[in-house]
Amino acid sequence: MPDSARTETPAASPALRWPSDGLSKIPDWVYTSPEIYEREVERIFHGRTWNFVALEAEIPEPGCFKRSFVGATPVIVARDLKGAVHVFENRCAHRGAELCRPALGKATELVCPYHQWTYDLAGNLTAVPFRRGIKNEGGMPREFRLEDHGLLKLNVTTRHGVVFASFARDMESFEDYIGPDVLKDFDVVFPGRPLKILGYYRNTVPANWKMYHENLKDPYHATLLHAFLVCFGLMVAGNRSAMIVDASGRHGTLASARPKEGPKVDADSKAQMRAFSDALKLEDRRFLEFVREFDSEWSVTMQTIWPNLIVQRELNTLGVRQIVPRGPNEYLMNWIMFGYEGDSDEMTRHRLRQGNLMGPSGFLGIEDNEAMRFVQQGMLKSESDGSVIMLGGAEEGTSYKMITEAGIRSLYRHYREVMGL
Amino acid sequence: MPDSARTETPAASPALRWPSDGLSKIPDWVYTSPEIYEREVERIFHGRTWNFVALEAEIPEPGCFKRSFVGATPVIVARDLKGAVHVFENRCAHRGAELCRPALGKATELVCPYHQWTYDLAGNLTAVPFRRGIKNEGGMPREFRLEDHGLLKLNVTTRHGVVFASFARDMESFEDYIGPDVLKDFDVVFPGRPLKILGYYRNTVPANWKMYHENLKDPYHATLLHAFLVCFGLMVAGNRSAMIVDASGRHGTLASARPKEGPKVDADSKAQMRAFSDALKLEDRRFLEFVREFDSEWSVTMQTIWPNLIVQRELNTLGVRQIVPRGPNEYLMNWIMFGYEGDSDEMTRHRLRQGNLMGPSGFLGIEDNEAMRFVQQGMLKSESDGSVIMLGGAEEGTSYKMITEAGIRSLYRHYREVMGL
Amino acid sequence: MPDSARTETPAASPALRWPSDGLSKIPDWVYTSPEIYEREVERIFHGRTWNFVALEAEIPEPGCFKRSFVGATPVIVARDLKGAVHVFENRCAHRGAELCRPALGKATELVCPYHQWTYDLAGNLTAVPFRRGIKNEGGMPREFRLEDHGLLKLNVTTRHGVVFASFARDMESFEDYIGPDVLKDFDVVFPGRPLKILGYYRNTVPANWKMYHENLKDPYHATLLHAFLVCFGLMVAGNRSAMIVDASGRHGTLASARPKEGPKVDADSKAQMRAFSDALKLEDRRFLEFVREFDSEWSVTMQTIWPNLIVQRELNTLGVRQIVPRGPNEYLMNWIMFGYEGDSDEMTRHRLRQGNLMGPSGFLGIEDNEAMRFVQQGMLKSESDGSVIMLGGAEEGTSYKMITEAGIRSLYRHYREVMGL
Amino acid sequence: MSAPAADLRSLRLEIEEFNAEYAAVLDAGRVADWPAFFSEDAVYRITGRENWDAKLPVGLVYCEGIGMLRDRALAIAKTTMFAPRYLLHQISNTRVLSVDPASVVSAEANYALFETLVDERTTLQQVGRYHDRFIREDGRLRLKERHCVYDSLIIDTALIYPV
Amino acid sequence: MSAPAADLRSLRLEIEEFNAEYAAVLDAGRVADWPAFFSEDAVYRITGRENWDAKLPVGLVYCEGIGMLRDRALAIAKTTMFAPRYLLHQISNTRVLSVDPASVVSAEANYALFETLVDERTTLQQVGRYHDRFIREDGRLRLKERHCVYDSLIIDTALIYPV
Amino acid sequence: MSAPAADLRSLRLEIEEFNAEYAAVLDAGRVADWPAFFSEDAVYRITGRENWDAKLPVGLVYCEGIGMLRDRALAIAKTTMFAPRYLLHQISNTRVLSVDPASVVSAEANYALFETLVDERTTLQQVGRYHDRFIREDGRLRLKERHCVYDSLIIDTALIYPV
Ligand code: FES
Ligand code: FES
Ligand code: FES
Ligand SMILES: [Fe+3]
Ligand SMILES: [Fe+3]
Ligand SMILES: [Fe+3]
């Protein structure tokens, strides 16, 4: 349902003018305006981006398919009978029905329930029932060609078992798209080893979808919001860490390294962190163990792959998160938690136990989701306006400081360019 | 709440331009645009149409009244003390309160709860409490005339016990409005015999209200979507059938005849219908019986009386359905199931048993509602656009083929004219 | 989130033209238009008005704070460590988080949960964690001054324990704002005696917020809608009563006096009131007792303090109600019921028992809320338009008649001026 | 109500157990096992409270005899097209109203039925009351009549499974 | 808790039955029959959890003595204007907290109250907890105190009937 | 199911009482008292029905052993930042599935969890089913396993407290 029905978005409507303070101030309408959201769909989710749609391990065999999303647009990810992966819109070419309903499935073809137009696993229309009518009465006119009425196909790429799609036809390769600095840590999680799916979480957050990217480009919040990390020594402000940003500014890796000997918190940092307390102790220490299974200097990497993917490696708990925007004020998050084929039972259970950190009931996940909710609520009805993004001064790009908002500024440099703001 | 507050809808806003493919393609905005919906209220529901509001059997006695709707506008249908039926807005002339709350009732007058302004059963204001104040202090000014402040009255007509209303003052007769071809089958269901109300169903569907008309102008879907019909021999693609369309294109009768000897499915049709299976059998055959009580060649007629009425005669189960639009993306459906006065107990129970076919839990009703939901969902977030209406080529008007979309094209020829699209 | 993101509201958009009948007709869009609502936020709630935010008794001690609203905008009302009361936006100056979550609390400072920016109880930013970074890396630039990044502070005033706030800097005094006629009865309820909070009610009404003011400037409805008052002799149309209006027209006191000897209903009034019945009797007469504790000729005063406060003195049950608009079609009502410090246990229980009259389960409260809901529903989908405000002719200002809408006309004279309509 | 109090309590508990099993079968989507809770001549009906109160006989679902129950189970399981969903019943407020001389037990219980569609939030499909008549066959309770009378007059799209 | 376990269970089951009858009366709109569940000197109150937790005494409904209960029943039935609606209670999680030497039984139960207005969807009017004190009169339980403490602090428009 | 019917009923009633206490502790926000309902080696998991049906092991919450239960209780009570809220459980449809030779009781019950945030309406946080294994310690039931399997796959923002 595009073009004509939507408000045309000329280069920059006068009401949406970026404040003169450049990247140190983000106006609220970036997060709340329906007009901005429409433009994001057009220029970002349906534009020149690679959007995460599936892990290959979710559709392991020929005929497997999955309902997914590019932006908010429903798509089907299917493996055809020869093993190739296709992505196409979940919208029948006849009357527009969202034809595929189950979250996951297996079939030799896809049949629309309304009039049973039938598509192969690449999205091609293969049959229209009674196409020639009954006893040669009715049916499709001769000039109707099946080839003209397939499902809208997206451009597809995969990297080590991770499937991405794009409405843009002439995309650069995924590797060029994310750049070498971010690709490096992506490949640590996805070295090409077969994955073992451990399960799904799903949650909404009543906040703008970009807030989630910003949260993971914001090393500042980690030791302030997340008392758990601090109290139980998982991360402290003094840990070695980095906010790695690709050349375009849109992708990032928030990384930190746990010192072998455990955390040391200097007195100055303790004073800054309200959360710090020496009194709390975990009973079950297995939770904090880090099995050093990765070829990486980092014990934690949280990657933001623009526009809709988070790759989580938090000690030994691994997952991807797909962001599905639902207008400016809400997004849906689909989590896929996984390990590797060949993990021992104990290793799988270790990953599951450590999973308590993340997700909508995770010790960290709860706090991030609540904080983002508070921010959106704060913006929706206030008289004052704008976010202050001044930590680290005007610095942009990769930074090894914790107390900086450089990654957020980098993202908005890119965003303003693409959005024409 | 009309005119000034609503966006003025000039002849055709540039964004809503009909595609050049004429009637073979319907753009999505017809089903999703709030602007189009506003125009439909103005030009269709509040325009030159007869809208179903009640069966006379629901308000059998003087003083009986019913809450109803014309489009989404609440109205009251009342039988006055002399027996005449009136329709007027359910909105107090004083402060605008929706004064009548129960679905059905009986009274000698209608009293607004807020300040007890009182109306007769024709909608005339008959009393304003303390109109002359207390001890001649306060009250209404002398120039206030009760006659100027009645409820807004609609034009009313009835046909054999079915009540219609119109905001238009100068409507043609109902008979002229629906035309002889559609009237004929209407009169089969409503020959003037007194009706016996069997009860109500109500349901919403998250789809555009026009979709329901199209569903019943679409003989193509019946044997494809409704496996039940096929498996249990109620209808097969080879049955004699018709899609009758009135001269204007807006009304229709989808009719089919069950052969006396039961269904025969030829091998070719079997091959086209995925649903076909010889293995399934009903235990209780009473369900499929057809008591030939009607003077008609058809065993099933589903009539679409523009803009808000469906008349259902499905074997021996009878009902009307009122469509109440709720914006572009949802409609409410009010079903009234009935038989005839004088039906034997067994005949009533036969109608009730056969009622399992229809309604929001009916074997067919479930499927139609689900299919329409899928279509609206498919349209709301996709990048591709438009429905393909090419079955039966460019044919329009009444057709005796099953595999045609002629009825849908006829409707949209009329619609575009009225809507100025 | 102001200015740029919102539709600019020029003096009067052509679609919103007031009808030529002056104050005798109010068009529906006053109650239903989102554009009007936006303008109300700007010109009324965020404009030159004093908005009720708290009773001092709710925040009795230094460090006590309360979440509250000015219009729909969340604010914090806090008592600083020296005892002064401050009101400021509940929106962190950093990223905009609604930082204060509990309804009531006590603290020495307010800490935003996201990054722990810390504010004193006057809304000043007092600390930014890691402001100088870690080991001098990162942190805020030198030019960042805490003084420039406090919470947005509102103008505050109190009158005998009632706290008001304004976004306007140059407000007249509260006493000048409400004027002597309305202040007089305000001071009867709030003579400076310490209050004892008895508890809270909260409810929404699906109606425009102004309807609540009108309901309490409408003496006409009291004996018509509220059969309870009439049947049990609490009020009758013949009681001495007044609708007192301040000079500006926006504030009011609806007052009535119970005769010492109990109610007398003359025959004429009985005839006008459908509700009247001699047959009903209360079993527990304590409910109707009036302990004459106030220095006032009135036994009941309901005050409407523009734009968001109702002060209720209904016999011995006392309360304030804060109106929080939620768009044009809904408002939230926060009730605080109270007595006075020093009330005997029996007096407190008397107030509680009499509280059954008011609130969302009160014998009167139920009816007012239902009536307002009916009005909004009546306006939202009808074809006809407008309210008729002709009782009492063109009279405006204070009136001692019951059968008049003078108070509503006065309000709309003021409203049209402020709103530029 | 002729039965002694202890028997009524025991019946109430037995009906609670019956209803818990009944709901478990439906919540698991095992619709083919659903007719087994009914007697041969059972009547099963789902209808709105407006019909019930006005004594209007219509049923959203209206089955006379176990054959029709089985036919519905078959149709839902084998021929009907609908989107996948989860259902969950909460049954409470069980009351035994009477035991007649032929040992037919009249009882009622309130139900809330929650529905969850793929990618959507859980909604309240309907709330209502079972109006039941039980008989005992081979020592086990069986429904001779179940009228599911729902307050939620406006069905959202479709009510697919029995209640 | 002085009573033996078997007695407590029996009390719990009896309270469940009491509450089922109580709710059935209200759900049928038979508000005139509602005071009969209370003792002469009963206290009945509906209040938000914020008031309960802060020991603030206010009640949305606040009745002292059966006279006030009857007055409320009368007012709702005969004088109060409100739109027609259906109500349905789900009561569960019944707990007997204690039986004091005077045989006053303290108990709690959770309730969910569903409301359906004409032409509208069923909504959750409120969820809450009954905080009860029962006495026995003529062998039957009667409420000496019922505090309906609701979590749903924001009432939608109006709460008409007792809970 | 080896146990006689009377024992199964008694078990069912005992589990209802257990669950009512369990929910009362959580609804009161007394999360520190929650681990006491479990045995030393208990497994506690909250997971979506999609995972349960596909035998995917992940848990939104996944605790092995009472130490992890206590750690979660501690973290929620002492370190986790979230907005204040009220919670209320409705537990019904309790079923005893079996008692194995070692006296481990398998049981299920349906739950609805209602959540109310400050200034917001009550929402249905989730509906689901407890899949339980109970053992008896010192005469009292304790959970050896509780899998809270929710239908409401899409969590609204966060699920803070145990279910
Ligand atoms: S809508 Fe898909 S086949 Fe017709
Ligand atoms: S609104 Fe109807 S009488 Fe006043
Ligand atoms: S948003 Fe408040 S401290 Fe960052
Ligand atoms: Fe975080
Ligand atoms: Fe159909
Ligand atoms: Fe009033």
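Sequence lines set the chain letters: A, B, ... in the order given, protein chains first and strands last, and positions in each chain run from 1.
At least one cation-pi condition fails for R285(A) and F232(A): the charged atom is not both under 6.0 angstrom from the six-membered ring centre and inside a 45 degree cone around its axis.
Between chain F and the options N369(A), L332(A), I366(A), the largest number of non-hydrogen pairs under 4.5 Å is found for I366(A). Per-residue counts of heavy-atom pairs under 4.5 Å with chain A were compared for A83(F), G59(F), A54(F), A75(F); the largest is that of A83(F).
When heavy atoms are compared at a cutoff of 4.5 Å, L69(F) does not approach chain A at all. Both the backbone and the side chain of R72(F) come within contact range of chain A, with heavy atoms under 4.5 Å apart. L104(A) does not touch chain F: none of its heavy atoms, backbone or side chain, sits under 4.5 Å away. Using a 4.5 Å cut-off between heavy atoms, E50(F) contacts chain A through its side chain alone, with no backbone atom that close. Only the side chain of R373(A) comes within less than 4.5 Å of a heavy atom in chain F; its backbone stays farther off.
Taking the six-membered ring for Trp, F287(A) and Y62(F) have ring centres at least 6.0 Å apart. The distance between the ring centers of Y44(F) and W34(F) falls below 6.0 angstrom.
Residues satisfying the ring pair (Phe, Tyr, Trp, His ring centres under 6.0 Å) test with Y150(F), not counting sequence neighbours, are none.
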Distance-only check: which donor-acceptor pairs under 3.5 Å involve side-chain atoms of residues 153-163 of chain F, not counting sequence neighbours?
none

